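For clarity, every value in this text was computed on a predicted model and none was experimentally measured. Position 1 is the first residue of the sequence, and the numbers go up from there.
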Amino acid sequence: MYVARTSTKIPISKQTAAQLSRAVASFSQSYGVAYSQPGLHLGGLHTHSATQCSRQFSSTSRTRLREFFPEPEHDGKIKKTEAAWPHPEFSSEQMRDKVYFAHREPRQLSDRVALAAVRLARWGMDTATRYKHTVSAPLNPTDNTSVAKANNEPYYMSERKWLVRFIFLESVAGVPGMVAGMLRHLHSLRRMKRDNGWIETLLEEAYNERMHLLTFLKMAEPGWFMKFMILGAQGVFFNGLFLSYLISPRTCHRFVGYLEEQAVLTYTLAIQDIEAGKLPTWSDPKFVIPDLAVNYWKMPEGSRTMRDLLLYIRADEAKHREVNHTLGNLHQKEDPNPFVSEYKNEGKPHPTKGLDTVKPTGWEREEVI
């Protein structure tokens, strides 16, 4: 008995083929089927087995933490959509020499309240993401004691764990700028007065933090559990910050300044780990960062490694730290935004959107107003 064979081939796009390939890889890993996929494999993401903890913060399969990024296919007339807020240019020298971890000591009760709230939030995030690092604070360029101590202890982090932390951090960090910008916008409408440039800077900050998140989402697809945790954290954080900003905007800006200090700390430690060779996948010269990041930060040829990407993101966080500590020093209703203002004496150091003049702990009011 003969059966006529009929072709069942269906034309699919490259992006669909890549998704099917990842699905097959995930199935193969789950059921022990040998599977080989061309390209650079994320071997560094498999070093920590799931037996270390019964509940992973992210339910993402390890094979879905990928290092290749298929180009989106556009069948319409739009070729490219530029960023709404173009990113200021940062040089490699500025990001290396002018960006570092710094802490502003609290000077009044509201500062202590803000710092205590950040420490509580940091403890909650560390617990949820099972974050553990051998170095509690980054090194000064002339101090090697912490590195020596860290090298004698087991290393607990991996590329996968860093990505989980980055995604959760950026999903929360994008909330304050939007809340503050929205409330100041509504306040300006009610008072029928100008806001003196605060709204644009705050919304641009929220946009920048979202670009950080979108960049990391090109490297990891969160599972349902992580999405649920982010949803809960965002709901609590948004409503809490909304009410707090109505009561004391100054305290909220100080809170964000301290929060950005922790972000700078996180990225500084990750950069140090890459430089020390503890994250081999990200240290591999073949590792490719997303085109989204290359286009947004305008990263030059030869400076498109994972370390370079984290340098750009850390510089952004350092700028948010400076902006919010400065805004926390100003009169909230009358003072103009010093980061978008023109100064009578341009030769004197003053706040800018770039890294030309940086004050990690913020500008005092008498320095800029």
Taking side chain as C-beta onward, heavy atoms only, is [X] less than 4.5 Å from [Y]?
X: Phe339; Y: Val323; result: yes
X: Thr357; Y: Pro351; result: no
X: Glu170; Y: Glu317; result: yes
X: Thr305; Y: Ile289; result: no
X: Pro222; Y: Leu217; result: yes
X: Leu309; Y: Thr215; result: yes

Check side chain to side chain contact (heavy atoms under 4.5 Å, CB included) between [X] and all other residues, then give those that pass, not counting sequence neighbours.
X: His350; answer: Tyr343, Glu346, Thr352
X: Pro88; answer: Phe90
X: Ser283; answer: Ile274
X: Asn239; answer: none

Heavy-atom pair of closest approach, residues [X] and [Y]:
X: Ala233; Y: Phe168; result: CB-CZ, 3.8 Å
X: Ala206; Y: Gly177; result: CB-C, 4.0 Å
X: Val175; Y: Ser171; result: CG2-O, 3.9 Å
X: Ala270; Y: Leu310; result: CB-CD1, 3.9 Å
X: Thr281; Y: Glu159; result: N-OE2, 2.9 Å
X: Pro280; Y: Lys278; result: CD-O, 3.4 Å

Please name all residues satisfying side chain to side chain donor-acceptor pair (under 3.5 Å) with Arg107, sequence neighbours left out, ordered by chain then number.
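For Arg107, the residues satisfying side chain to side chain donor-acceptor pair (under 3.5 Å) (neighbours in sequence not counted) are Glu364.
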With sequence neighbours excluded, residues passing side chain to side chain donor-acceptor pair (under 3.5 Å) with Tyr296:
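For Tyr296, the residues satisfying side chain to side chain donor-acceptor pair (under 3.5 Å) (neighbours in sequence not counted) are Asn208.
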Quick one: [atom1] on [X] to [atom2] on [Y], what's the gap to the nearest 0.5 Å?
X: Glu260; Y: Asp316; atom1: CD; atom2: CG; result: 9.5 Å
X: Arg112; Y: Glu105; atom1: CZ; atom2: CD; result: 10.0 Å
X: Leu355; Y: Glu89; atom1: CG; atom2: CD; result: 11.5 Å

If you count every heavy atom of other residues, nucleotides or ligands that lies below 6.0 Å from Glu275 atom CD, does the total exceed 12?
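Check passes, neighbour count above 12.
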Within the supplied structure, the quantity of interest is the number of heavy atoms (other residues, nucleotides, ligands) at a distance under 6.0 Å from Tyr100 OH; does it exceed 12?
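Not buried by this count: 12 neighbours or fewer within 6.0 Å.
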For a quick check under 3.5 Å, do [X] and [Y] share a side-chain donor-acceptor pair by atom type?
X: Asp195; Y: His187; answer: no
X: Ser188; Y: Arg194; answer: no
X: Ser303; Y: Asp308; answer: no

Before you tell me yes or no, could you show the steps for Arg250 and Ser110 under side chain to side chain donor-acceptor pair (under 3.5 Å), namely the whole-Å CA-CA distance, both residues' side-chain angles and the distance that decides it to 0.1 Å?
CA-CA 8 Å; Arg250 182 194 299 269; Ser110 61; 6.0 Å; no
All ring pair (Phe, Tyr, Trp, His ring centres under 6.0 Å) counterparts of His185, not counting sequence neighbours
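With neighbours one apart ignored, the set is empty.
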Once ring pair (Phe, Tyr, Trp, His ring centres under 6.0 Å) is applied, do any residues pair with Phe166, and if so which ones, sequence neighbours excluded?
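Expected list: Trp162, Phe216, Tyr267.
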All pairs passing salt bridge (charged side-chain N to carboxylate O under 4.0 Å, His left out) where residues 349-362 contributes a residue, at least two apart:
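The answer is Glu204-Lys353, Lys359-Glu367.
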Salt bridge (charged side-chain N to carboxylate O under 4.0 Å, His left out): pairs with one or both residues in residues 297-306, sequence neighbours excluded:
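Sorted result for residues 297-306: Glu301-Arg304.
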Only pairs at least two apart or in different chains count here, so list each side chain to side chain donor-acceptor pair (under 3.5 Å) that has a residue in residues 322-335.
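Non-adjacent pairs meeting side chain to side chain donor-acceptor pair (under 3.5 Å): Arg104-Asn329, Glu205-Asn324, His253-Asn324, Arg254-His325, Arg254-Asn329, Glu261-His325, Lys319-Glu322, Glu322-Trp363, His331-Arg365, Asp335-Arg365.
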Under the salt bridge (Lys or Arg N to Asp or Glu O under 4.0 Å) rule, collect the residues that match up with Arg165, sequence neighbours excluded.
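Result, salt bridge (Lys or Arg N to Asp or Glu O under 4.0 Å) vs Arg165: Asp126.
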